[in-house]
Novice: 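Questions regarding the structure given below will be posed in turn.
Values below: all heavy atoms of this structure, side chains included; hydrogens, waters and symmetry mates excluded. All chains are named by letter (A, B, ...) in the order of the sequence lines, taking the proteins before the strands, and each is independently numbered beginning at 1.
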Amino acid sequence: MEHPLQIYNTLSRKKEQFVPLHSPLAGMYVCGPTVYGDPHLGHARPAITFDILFRYLSHLGYKVRYVRNITDVGHLENDADHGEDKIAKKARLEQLEPMEVVQYYLNRYQKAMEALNVLPPSIEPHASGHIIEQIQMIKEILDNGFAYESEGSVYFNVEKYNKNHSYGKLSGRNIEDMLNTTRVLDGQEEKHNAIDFALWKKASPEHIMHWPSPWSEGFPGWHLECSAMSKKYLGETFDIHGGGMDLIFPHHECEIAQSVAAGGHEAVRYWMHNNMITINGQKMGKSLGNFITLEELFGGTHSLLQQAYSPMTIRFFILQAQYRSTLDFSNEALQASEKGLERILEAFDNIAKIPVSAQSSVNIKELRKKCYDAMNDDLNTPIAISHLFEAVRQINAALAGQITLSSEDIKELQSVFNVFLTDIFGIKNEVKDGNAAYDSFAKAIDMLLEMRMQAKINKDWATSDKIRNELTALGFEIKDTKDGFEWRLNK
RNA sequence: GGUUCCUUGGCCGAGUGGCUAGGCACCGGUCUGCAAAACCGUCUACGGCGGUUCGAAUCCGCCAGGAACCUCCA
């Protein structure tokens with residue numbers, strides 16, 4: 001498995017050669033959603049980014065175990081250790097069982113992910129299903145002296161941990177700054193220090209989700225679930241941990257502290273973080289209320305949207321930016337992606353129609369390597385896509401007879417598009433793929449258009465226009481070409 | 001206020017010292033009963049000022065503007 005894949009490690013702040021701990025196995029853990037609301041465009045970014053990584057590592061030959069958690073308990077509102085549990089609040093407001101809320105939004109999340117052609121992870125563990133593992137980890141941290149109990153809750157002692165370890169190494173901040181700048185919030189008196197974070201919280205009487213523990217009837221802190229579940233499924237040390245950049249602090253910083261405090265060493269070898277999707281230059285997110293749900297995007301039902309954007313358009317849009325850059329949402333940008341995607345898919349389809357020549361008049365041998373080089377450079381999908389667009393121009397030129405391609409080169413083009421566009425980028429033709437009846441349906445349309453051709457030959461413009469107009473009204477796009485016709489069903 | 005980062009042509013977005021990414025839009029052309037589409041071509045940018053260098057979008061400094069994190073957030 002020789003490959004020069006470099007990935008950017010947030011911890012070292014540089015690109016590093018990816019060498020898994022137990023090749024050919026590779027383990028990756030990515031922070032999944034807190035399922036208390038509809039998935040929005042922001043959720044699509046990490047899902048697609050790490051889907052690409054999952055697909056690419058698999059393509060390179062690794063046996064990848066991809067764990068993406070579901071947060072269904074412990075994630076509090078307002079401030080990390082004091083607000084109401086997000087799931088519980090939603091359940092209270094809608095008079096549902098918390099698990100009904102979880103199941104409802106989880107179903108919607110998974111449906112949206114499937115539409116985006118995001119492969120399901122190998123394991124999708126729920127925080128609430130791993131209370132025992134989390135309690136065990138708290139015990140280890142307590143035994144090692146890095147946590148303290150206070151009124152039924154257990155807190156991580158950041159100051160003590162920082163004496164021999166570096167709290168803040170991932171996010172690049174130092175504890176003194178944080179002691180000076182961390183706000184003191186009401187109800188935090190039971191913590192020794194404002195920067196300490198909860199491992200276990202005693203449940204208040206109105207809190208409906210709680211479990212027994214040695215300290216109180218309560219629930220685990222948010223940061224703990226990822227440490228406990230990654231350890232359970234990927235081991236004490238594993239390869240990649242991913243998530244959004246906004247999780248670096250405090251979430252991932254706390255994960256590092258927890259792992260070290262419990263097991264004596266860090267768990268993660270490569271930390272990867274995707275950047276945010278912005279709207280008008282600002283982060284799209286719940287707290288700002290400026291998010292657009294995926295359902296609204298697919299249906300074009302949000303007031304900011306000029307039209308509906310298909311899941312593949314969204315996917316392609318996200319892949320046209322490098323994952324560590326912010327990506328600005330706009331109708332213009334989405335429409336550009338939609339057009340570009342159509343063009344690339346059409347060319348992909350047309351590879352099969354290229355006339356076979358004895359020899360190629362151009363050299364396409366470098367294409368595959370260029371795509372690999374781009375992917376190996378920290379998953380530079382926009383560069384890889386730009387190479388595919390260069391190939392699109394060659395495909396079109398070959399179809400127009402301006403260049404010639406040998407059957408070997410045509411096969412090579414087909415193969416490169418299959419590998420990169422279909423397998424690695426996960427781009428599919430939304431009309432055709434998975435539609436078993438498509439062929440029969442397509443032949444019926446072809447038949448109608450053959451009749452229109454005949455009418456045209458007879459200069460029977462009335463009939464020819466009638467067929468075109470009525471098909472157009474049904475959502476078909478009819479194009480006349482030099483010696484025939486083309487059509488496409490607009491979604 | 002602290003920490004970190006960003007500023008590329010009409011829009012999105014690659015690019016880390018010399019070899020003018022790519023997509024979309026615009027404009028021009030080809031094709032065409034009409035129409036639409038498609039295809040081809042064109043458009044040569046790097047916030048401002050100064051510095052380093054034979055040479056800077058790319059390195060350094062200052063200034064301006066913006067963002068993320070420091071509370072939950074992908």
Side-chain angles (χ1 to χ4, degrees), chain A residues 13 30-34 36-37 39-50 75-84 86 168 171-174 176-178 180-183 185 195 222 242-251 253 273-278 281-288 291 316-317 320-322 324-344 346 350 370 374 377 380-390 392-393 396-397 399-400 402 456 459-461 464-465 468-469 472 477-482 485-488:
Chain A
R13 288 170 233 293
V30 174
C31 289
T34 301
Y36 71 110
H40 60 75
L41 184 54
H43 289 103
R45 188 105 196 248
I48 290 172
T49 297
F50 293 103
H75 204 162
L76 307 185
E77 290 202 317
N78 302 322
D79 62 82
D81 301 326
H82 191 52
E84 188 172 3
K86 293 181 176 201
S171 53
R173 56 193 79 211
N174 65 66
E176 287 77 20
D177 282 348
M178 297 175 56
N180 294 333
T181 58
T182 304
R183 282 194 294 164
L185 295 147
I195 57 173
W222 173 42
M245 277 186 184
D246 50 351
L247 298 180
I248 292 174
F249 190 90
H251 188 52
E253 199 71 71
H273 293 96
N274 62 276
N275 213 319
M276 303 290 105
I277 290 182
T278 59
Q282 269 204 318
K283 176 179 166 179
M284 185 180 283
K286 280 228 142 139
S287 53
L288 290 165
F291 63 94
F316 196 63
F317 170 66
Q320 277 187 295
Q322 211 272 346
R324 285 188 293 113
S325 302
T326 56
L327 172 59
D328 201 49
F329 162 87
S330 69
N331 280 283
E332 225 178 338
L334 259 321
Q335 283 158 11
S337 290
E338 182 178 55
K339 286 270 179 65
L341 175 60
E342 279 173 13
R343 186 153 164 253
I344 212 167
E346 190 153 351
N350 286 340
K370 284 179 180 170
D377 183 15
N380 200 328
T381 50
I383 290 287
I385 289 171
S386 79
H387 294 314
L388 292 183
F389 273 114
E390 281 157 19
V392 166
R393 207 176 301 134
N396 289 331
L399 286 166
Q402 290 159 353
K456 281 176 67 178
K459 298 205 187 298
D460 176 4
W461 309 127
S464 111
D465 287 355
R468 183 174 68 195
N469 293 342
T472 303
E477 192 173 292
I478 311 301
K479 299 183 266 182
D480 289 350
T481 60
K482 206 171 204 169
F485 53 81
E486 284 176 15
W487 62 269
R488 186 172 71 195

Novice: Quickly work out the A:His273 NE2 to B:A67 P distance and round it to whole Å.
Specialist: 22 Å
Novice: On RNA chain B, nearest-nucleotide positions of A:Ala321 versus A:Ser464: which is more 5'?
Specialist: A:Ala321
Novice: Hey, is the side chain of A:Arg13 poking within less than 4.0 Å of OP1 or OP2 on B:U4, counting only N and O atoms?
Specialist: no
Novice: Below the 4.0 Å mark, does B:C39 have OP1 or OP2 next to a side-chain nitrogen or oxygen of A:Asn350?
Specialist: no
Novice: Classify A:Asn396 by what it touches in the nucleic acid, base, sugar-phosphate, or nothing, heavy-atom distance under 4.0 Å.
Specialist: sugar-phosphate
Novice: Please give the nucleotide sitting opposite B:C46 as a Watson-Crick or G-U wobble pair, both distances under 3.5 Å, or none.
Specialist: none
Novice: Quick check: does any side chain N or O of A:Asp328 sit under 3.5 Å from a backbone N or O of A:Gly281, one acting as donor and the other as acceptor?
Specialist: yes
Novice: Does any nucleotide pair with B:A57 by Watson-Crick or G-U wobble geometry, both distances under 3.5 Å, and what is it?
Specialist: none
Novice: Counting any heavy atom closer than 4.0 Å, what does A:Thr278 reach on the DNA or RNA strands: base, sugar-phosphate only, or nothing?
Specialist: nothing
Novice: Is A:Glu338 touching bases, backbone alone, or none of the nucleic acid, heavy atoms closer than 4.0 Å?
Specialist: nothing
Novice: Nearest whole angstrom, please: distance from the P of B:C69 to the CD of A:Gln282.
Specialist: 10 Å
Novice: With a 3.5 Å distance limit and no angle check, can you tell me whether A:Arg45 reaches the backbone of A:Met276 through a side-chain donor-acceptor pair?
Specialist: yes
Novice: I want to check one thing: is the phosphate of B:G23, taken as OP1 and OP2, less than 4.0 Å away from some side-chain N or O of A:Arg343?
Specialist: yes
Novice: Have a look at A:Gly42 and say if it touches a base, only the backbone sugar-phosphate, or nothing, with a 4.0 Å heavy-atom cut-off.
Specialist: base
Novice: Which part of the nucleic acid does A:Lys286 contact within heavy-atom distance under 4.0 Å: base, sugar-phosphate only, or nothing?
Specialist: nothing
Novice: Check whether any side-chain N or O of A:Lys283 sits under 4.0 Å from OP1 or OP2 of B:C69, and answer yes or no.
Specialist: yes
Novice: Rounded at 0.5 Å granularity, tell me how far CZ in A:Phe291 sits from CG in A:Leu41.
Specialist: 11.5 Å
Novice: If you find the nucleotide of RNA chain B closest to A:Ser337 and the one closest to A:Lys459, which residue's nucleotide is nearer the 5' end?
Specialist: A:Ser337
Novice: Would you say the side-chain atoms of A:Gln322 pair up with the backbone N or O of A:Asn380, donor to acceptor, closer than 3.5 Å?
Specialist: no
Novice: For B:A38, which nucleotide is its Watson-Crick or G-U wobble mate, given both distances must be under 3.5 Å?
Specialist: B:U30
Novice: Using a heavy-atom cut-off of 4.0 Å across all strands, would you classify A:Leu327 as base, sugar-phosphate, or nothing?
Specialist: sugar-phosphate
Novice: Give a yes or no answer on whether the side chain of A:Gln320 reaches the backbone of A:Pro382 with a donor-acceptor pair at less than 3.5 Å.
Specialist: no
Novice: For a quick check of understanding: with a heavy-atom distance under 4.0 Å over all strands, which category does A:Gln320 fall into, base, sugar-phosphate or nothing?
Specialist: sugar-phosphate
Novice: Distance check needed: B:A35 P versus A:Asp465 CG, whole Å only.
Specialist: 11 Å
